[in-house]
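Every chain is numbered from 1 and lettered A, B, ... according to where its sequence line falls, protein lines coming before strand lines.
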2 protein chains.
Amino acid sequence: MNAKAKGATQDQKIYEHIFDAILEQRLAPGTKLTEEGLGEVFGVSRTIIRRTLSRLTHEGVVELIPNRGAYVAKPDIDSARQILDARRLIELALVERIAERGPQLKRELTLLRLLIDEEHASSARADTGTAIRLSGEFHLELAQLAHNEPLANFLRSLVSQTSLIIAMYQSSQQSNCAIDEHSKLLDAVEQGDKEQALSLMAEHLDHIEARLELVQNEQEVDLEKVFGHLRVRD
Amino acid sequence: MNAKAKGATQDQKIYEHIFDAILEQRLAPGTKLTEEGLGEVFGVSRTIIRRTLSRLTHEGVVELIPNRGAYVAKPDIDSARQILDARRLIELALVERIAERGPQLKRELTLLRLLIDEEHASSARADTGTAIRLSGEFHLELAQLAHNEPLANFLRSLVSQTSLIIAMYQSSQQSNCAIDEHSKLLDAVEQGDKEQALSLMAEHLDHIEARLELVQNEQEVDLEKVFGHLRVRD
DNA sequence: CGACGGAAGATTGTATACAATCCTAAAACA
DNA sequence: TGTTTTAGGATTGTATACAATCTTCCGTCG
C-alpha cells in the first residue's frame with residue numbers, strides 16, 4: 001500500500017502544501033509560482049507541478065496566464081463581490097439542510113467543536129494565517145454534513161478565494177473579532193433551530209464582509225492632483 | 001494572431017469536441033477514453049489529451065481512475081439527486097437575480113430566443129443529441145446574465161452532468177415534451193415578473209426530473225428469484 | 001537623452017522515452 | 001476441473017529533451 005498509493009498521495013500532499021500556504025497568506029496574492037522552482041522544492045518534475053497548478057487554477061486560487069506562468073490569484077473587487085455573493089447563497093442553503101437534521105448529528109458536531117478549539121488556540125497565539133485557514137476548514141467541514149458533494153466542492157473553491165479576498169482587502173487589523181460565532185452557529189444547528197441558524201450564518205458572513213474595504217482602492221491615479229502643486233513652468 | 005492563439009484554441013477545441021460528444025450522448029456513460037486513442041483522433045500527443053481529461057474530470061463528466069484510465073462518468077442515483085438538488089438551488093437564485101433586471105435585457109434576450117429556435121429545429125428533426133445540448137446551452141447562456149462567474153461556471157458543470165443523468169435514467173422515450181417552457185420563462189424574465197419566472201423555472205426543473213426514473217434500477221440481482229423455478233435437484 | 005530593435009537568458013508548451021502498473025490469458029499445479 | 005501463477009501486451013505515470021514564447025537588457029539610431 002505504501003508504494004501503491006504513493007502517486008496519488010504525493011500529488012495530494014504537494015497540492016495541499018501550496019494550497020495551505022496560499023490560505024495562510026504565506027504566499028501573497030500576485031506571487032509568481034514558477035514550475036521549476038516548485039519542482040525543486042518538492043523534489044518532483046514539472047509534470048507534477050503542472051498538474052497541481054492546473055487544479056489550483058480550476059479552484060480559482062491560482063491564475064494561469066498562457067506562456068507567462070502561474071500567479072497566486074488577485075481577485076478584483078467585482079470578482080470578490082461575486083464570490084461572496086455566491087458563498088452566501090450556498091452556505092445559507094447548506095445550513096438550512098443541516099439544521100433540519102441537527103439533533104441527529106451529535107457525533108459530527110463534536111468534531112466540529114474540536115476544530116473551533118484549534119481555531120481559538122491559534123488565534124490566541126496570534127497565528128493569523130492558521131486561524132484563517134482553520135476558520136475556512138470549519139465552514140467546509142460543516143458543509144460536508146449536508147451530504148451534497150457538488151455543493152461542498154464548490155464551497156471549497158469559494159472559501160479558498162475568500163481567504164485571498166481577506167488578504168487583499170482586510171481593512172482593520174483586528175483579526176477575527178467574531179471569535180465564537182462559529183460556536184453559536186453550531187448550538188443553533190444542534191437544536192435544530194433552523195431560523196436561528198440561518199440568521200446566525202447570515203450575520204457571520206456579514207461580519208466577514210464588514211471587515212473588508214471593497215471600495216475601489218486602486219483607482220486611476222490622478223497625476224494632476226498628485227503633482228499639480230509642483231508645477232515648475234507655466 | 002493565428003499562431004499566437006493556436007495553443008489555447010486547440011486545447012479549447014479538443015475539449016469542446018469531447019464535451020459535446022458526451023453531452024450529445026454520442027459517448028455513452030462508462031465509455032473508456034484512452035489517451036492514445038484520443039490523441040490519434042485529434043493529432044496531438046497524450047500530454048494535451050491528459051490536460052483535457054483532467055479538466056473534464058474536474059467538471060464531473062469524466063471519471064479518472066488512477067492507473068486505470070478515464071471513463072465517461074456514470075453518476076449513481078444518489079449523486080444524481082445531489083446534482084439536481086444543487087442545480088435547483090443555483091438556477092432559482094440566478095433567475096431571481098436576472099428577473100430583477102429583466103426589462104433592461106432586450107438585446108441579450110433576443111439572442112436567447114435564437115437559441116430556442118435552434119433547439120426547436122433540432123427537436124423537430126428528431127436530433128435528440130443536439131436538442132439536449134442546446135437545451136443545456138440555453139440554461140448556461142441565461143446564467144451568464146446574472147453576472148456571477150463562479151455561479152455560472154458551477155452551473156456549467158451541473159448542466160453537463162444532468163445530460164449524463166438524462167442519458168442514464170430517462171424513462172419515457174418522449175423527448176422534451178416541455179418544448180416551450182424556455183420561451184415562457186424568457187417572457188416572464190423580460191417582464192420582470194420575478195414570482196412568475198421563479199415558479200416557471202421550478203416547474204421546468206420538476207419536469208426534467210419527472211422524466212427520470214431515479215429509483216434503484218441496478219438492484220442486486222436475486223439469483224434465487226430468477227432461476228429458482230429451474231431447480232433441478234432437491 | 002529617449003525610443004526602437006535585436007540578441008541572450010529564462011520560462012513555458014509539447015512530444016516522447018522510459019518506468020510502473022494493470023489486464024489478459026495461457027500454463028502449471030492441486 | 002478449478003485455482004493459482006506467471007508471462008505478455010497494453011495503458012497509464014513520470015521525467016526529460018527540445019521547441020516556442022516571453023522578458024530583459026544592451027546597443028544603435030534618431
ask   = Yes or no on side-chain contact (heavy atoms from CB on, under 4.5 Å) for Ser160(A) and Leu23(A), after CA distance, side-chain angles and deciding distance?
value = CA-CA 6 Å; Ser160(A) 328; Leu23(A) 261 56; 4.0 Å; yes

query = Do any side-chain nitrogens or oxygens of Ser45(B) fall under 4.0 Å of OP1 or OP2 in dA15(C)?
reply = yes

message = If the test is salt bridge (charged side-chain N to carboxylate O under 4.0 Å, His left out), which one of Arg50(B), Arg68(B), Arg51(B) qualifies with Glu35(B)?
response = Arg50(B)

key: Separation of atom CD1 in Ile49(B) from atom P in dG13(D), rounded to whole Å   = 14 Å

Between P of dG13(C) and CD1 of Ile14(B), the distance in whole Å = 15 Å

request  = Calculate the interatomic distance between Ile65(A) atom CD1 and dT12(C) atom P; express it in whole Å.
outcome  = 11 Å

task = Send over the distance from Glu36(B) CD to dA15(C) C1', rounded to a whole Å.
result = 13 Å

Ring geometry between His139(A) and His182(A) (parallel below 30°, tilted from 30 to 60°, perpendicular above 60°) = perpendicular

query = In whole angstroms, how far is the P atom of dT12(D) from the CG atom of Leu64(B)?
reply = 9 Å

ask   = CZ of Arg46(B) versus C1' of dA10(D): gap in Å, rounded?
value = 11 Å

request  = For Thr34(B), answer base if it contacts any base atom (sugar-phosphate contacts may also be present), sugar-phosphate if it contacts only those atoms, and nothing otherwise; contact means non-hydrogen atoms under 4.0 Å.
outcome  = sugar-phosphate

task = Have a look at Arg68(B) and say if it touches a base, only the backbone sugar-phosphate, or nothing, with a 4.0 Å heavy-atom cut-off.
result = sugar-phosphate

ask   = For Asn67(B) and dG13(D), what is the distance between atoms CG and C1' respectively, to the nearest whole Å?
value = 7 Å

query = So does Arg51(A) reach the base of dG13(D) with its side chain, donor to acceptor, closer than 3.5 Å?
reply = no

inquiry  = Can you measure Arg50(A) atom CZ to dT12(C) atom P for me and round it to whole angstrom units?
reply    = 8 Å

key: 5'-most by nearest nucleotide on DNA chain C - Glu35(A) or Ile48(B)   = Glu35(A)

Pair Asp206(B)-Arg88(B), salt bridge (charged side-chain N to carboxylate O under 4.0 Å, His left out): steps then yes or no = CA-CA 9 Å; Asp206(B) 281 343; Arg88(B) 176 169 271 110; 2.5 Å; yes

ask   = Arg133(A) pairs by salt bridge (charged side-chain N to carboxylate O under 4.0 Å, His left out) with which of Glu119(A), Glu24(A), Glu118(A), Glu16(A)?
value = Glu24(A)

note = Assign each of Lys32(B) and Thr47(B) the nucleotide of DNA chain D bearing its closest heavy atom; nearer the 5' end lies the nucleotide of Lys32(B)

